[in-house]
Amino acid sequence: MNKLNPRQSEAVKYIDGPLLVLAGAGSGKTSVITQKIAYLIDQCGYQGRQIAAVTFTNKAAREMKERVRSLVDKQKCRGLLVCTFHTLGLNIIRKELSTLGFKPGFSIFDQSDAHALIKELLYKDSDIDSDHVDMLQNMISKWKNELISPEDAMAQASSGGEQQLAAVYERYTQALKAYNALDFDDLILLPVQLFRKRPDILERWQRSLRYLLVDEYQDTNGAQYELVRSLLGDRKGLTVVGDDDQSIYAWRGARPENISQLNKDYPDLHVVKLEQNYRSTGCILKAANTLIDNNPHEFNKRLWSDMGFGDPIRVIRTPNDEAECERVATEILDQRLRMGCKYKDFAILYRGNHQSRTLELKLQQFQVPYTISGGTSFFSRQEVKDMLGYLRLMVNPNDDNAFLRIINTPRRKIGPTTLEKLGLFAQSEELSLFDACNHPNLRHVLPPDAHTRLTEFHDWMLVLLEQAENDDPIKAVEKMVTESEYEGWLHQNASSPNVAERRMQNVHALVGQLKQTLEWLQEDNEDAGLQAVINRLLLRDMLEQQEEEDDSDRVQLLTVHASKGLEYPHVYIIGWEEELLPHRSSIEEGNVEEERRLAYVAITRAKRTLTLTMAAKRKQFGDWTTCNPSRFLEEMPQEDLVKIGFGGEADKALNKARGRETLASLKDLLGR
DNA sequence: TCCTTTCGTATTTTT
DNA sequence: TACGAAAGGA
């Protein structure tokens, strides 16, 4: 506690009412949350089980849990909930399952599952163009995030087209229910709906949770806001931490105005600002402050640090995008030697994923080791999805989606015709596809060999299912992997043995994760059935992929969005151009403010040096386009920018210096 | 069932 | 331009 500055400790000790902590970038907000949990337990007589701290990412939750553990006696932590919004929702749903009308084994659909489902719904009776799946999926998600039911959506629809969209939403909801499945948004939505309908249940939860802490509050959406509000009731036990300047997910339904909404909802709200930054040099903070001042603000914040002013910010312009990436690569090589630091001290940030391609090319060319985060995640890999399909079916035989995914993977000679007949039969008998396989009348609608294949599959799965429930679930999973002969199928199908090898490793990694998570949950004395573990995995709650065995001294490549919450000694941000950093579509939508926040987040990742680059020309969709410098460059303090490649003073000085250098080396040569 | 060709589309993606 | 998805052909 004595390590905290006065503002921080005020935030920790204030418990007389709802508290909003406006925590600027790098101001030690995680410390505040973890210390506050410790304070509540050690000094205020709260029990661990009465406190919930909610974050957005599993990573943040894990880090927080870790730090609380180092602060508070293990016994006292018991029942302490430090988790993501979605895990909190899942916990509530699990305990109120029967009231919600779900059967015990339910599945969680991820985005691609939901996507496939919507696509199918459109395909079946498509008045709507099927390439609008993405748009519709977005829409459904937004509806759910704003607590708009299918009926509401229907009522709000002002045109025939909108009515059709609402109708799909309706059918999507029904389909999920039929599969006994939930999507990510449901994990928040259903608890909220339940609490609205059943005050008695809400009261029970309110009694058990007495203090709530919410991280990254600017990223909450309508449903999450409502969940927090209803859990809190009219009590005082709330601390939220957020930074309106770091709201960069509005396009995904986040409502940064939830921060100012707090003032209205809780008149006795107390506000604490954390403005001391422990990360960056004064120069970097000045630039960040000046830039973000161009946005309107409800709460004014001014970051400062006592780490010295530091180096000026360099802005480099190159003739084209290739040269830009090349320059970054060589700059890093140079800077690394001159400053004697490691590759991993560098990060290169960019607005769009596509920008990483040229970058990778150049880094390879100059032999700069790098890692790129983002791209296809572990969970979107085919083999992982397949395995999760099996696992989902093991805990929820009603999950038709999972059934369809894996019924013919590996090949079991069960094709579309068979499945169609099975589907019709299942529909008429009101059974899941899996249960339909076992129905005595099924053989009347199918040719004998198709029928045998289905029953064989069904019986095999049933054995596994029972073993998972009554015996050792891990053993059942391992048995499933070997008996499905998935590995053989991978080798048969893969373009090269290496690919198959790698995929199989992912399968083993998944099973390993399963094991680990199971042990973890058992340690924490939580419900440790296969179902619980798989749900965790479906919520992406697993340890990072093993940290690349080699010490991984590599330059980090990532999008600005992905960089939020991270920090690096030396940061390069590429593509400071109009239409790219304020992105074109954002300009068109008139939402430059969020882009400015994006730039703000990017800048505040840097601890010591910051380099911004842009290209004068860029090869785009086949032909060259001329690029103008980003307006954000002009919005920063010009006196702290060293502009290179703009034909200005700095260039002349540089040329002069370069001239002197060549002259000196010439003399040196001649002298010899 | 797999491979080829063609077509359309290019912002960000915590769970 | 370059990639992924979808459709068409062997």
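Every heavy atom of this structure was used, including side-chain atoms; hydrogens, water molecules and symmetry mates were not. All values derive from a computational prediction rather than experimental measurement. All chains are named by letter (A, B, ...) in the order of the sequence lines, taking the proteins before the strands, and each is independently numbered beginning at 1.
A:Asp185 comes within contact range of no nucleotide atom at all, as no heavy-atom separation falls under 4.0 Å. Using a 4.0 Å heavy-atom distance criterion, A:Asn408 is classed as a sugar-phosphate-only contact. Within 4.0 Å (heavy atoms only), A:Thr559 reaches sugar-phosphate atoms of the nucleic acid but no base atom. Residue A:Glu594 is classed as having no contact, given no heavy-atom separation below 4.0 Å to the nucleic acid. Base contact: A:Tyr249 has a heavy atom under 4.0 Å from a base atom.
Taking every side-chain heavy atom of A:Arg252 into account, B:dT15 is the closest of B:dT11, B:dT15, B:dT12. Candidate nucleotides B:dT15, B:dT11, B:dT14 were compared by shortest atom distance to the side chain of A:Asp219, and B:dT14 ranks first.
When rounded to the nearest whole Å, the span between NE2 of A:His354 and C1' of B:dA10 equals 8 Å. If you take CZ of A:Phe184 and C1' of B:dT14, they are 10 Å apart, rounded to a whole angstrom. Rounded to whole Å, atom C1' of B:dT14 lies 14 Å from atom CG of A:Leu187. A straight line from CD of A:Glu322 to P of C:dT1 spans 14 Å, rounded to a whole angstrom. Straight-line distance from the CG atom of A:Leu558 to the P atom of B:dT13: 9 Å, rounded to whole Å. A:Leu580 places its CG atom 13 Å from the C1' atom of B:dA10, with the value rounded to the nearest Å. Atom CZ in A:Phe109 sits roughly 16 Å away from atom C1' in B:dT15 (whole-Å rounding). If you take CG of A:Asp183 and P of B:dT13, they are 20 Å apart, rounded to a whole angstrom.
In this structure, A:Tyr249 and A:His561 have tilted ring planes: the angle between them lies in the 30° to 60° band.
Comparing C:dC3 with B:dT12, their P atoms sit 16 Å apart, to the nearest whole Å. Of the P atoms belonging to B:dT11 and C:dG4, the separation is 16 Å, rounded to the nearest Å.
Applying the 4.0 Å criterion to OP1 and OP2 of B:dA10, one finds that A:Asn353 has every side-chain N and O outside that range. Of the side-chain N and O atoms in A:Asn58, none sit less than 4.0 angstrom from OP1 or OP2 of B:dT14. For B:dT14, neither phosphate oxygen OP1 nor OP2 lies less than 4.0 angstrom from any side-chain nitrogen or oxygen of A:Arg540. Distances shorter than 4.0 Å separate some side-chain N or O of A:Lys119 from OP1 or OP2 on C:dA6. Taking 4.0 angstrom as the limit, A:Arg411 places a side-chain polar atom (N or O) nearer than this to OP1 or OP2 of B:dC2.
Here the CG-SG distance, from A:Leu363 to A:Cys325, works out to 7.5 Å after rounding to the nearest 0.5 Å. Of the inter-residue distances, the one linking A:Arg67 atom CZ with A:Arg62 atom CZ reads 15.0 Å to the nearest 0.5 angstrom. Residue A:Arg279 holds its CZ atom at 6.0 Å from OG1 of A:Thr604, rounded to the nearest 0.5 Å.
Residue ring and nucleobase are not stacked for A:Trp251 and B:dT11 under a centre distance beneath 5.5 angstrom and an angle between planes beneath 30°.
The residue among A:Thr87 and A:Trp489 whose nearest nucleotide of DNA chain B is located toward the 5' end is A:Trp489. Each of A:Leu539 and A:His583 was matched to the nucleotide of DNA chain B holding its nearest heavy atom; the match closer to the 5' end belongs to A:His583.
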Any chance you could lay out the salt bridge (Lys or Arg N to Asp or Glu O under 4.0 Å) test for A:Arg597 and A:Glu594, step after step, and finish with the verdict?
-> CA-CA 5 Å; A:Arg597 290 193 290 269; A:Glu594 178 144 319; 3.3 Å; yes
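Relative to the six-membered ring of A:Phe106, A:Lys177 misses at least one condition, a distance below 6.0 Å or an angle of at most 45° to the axis.
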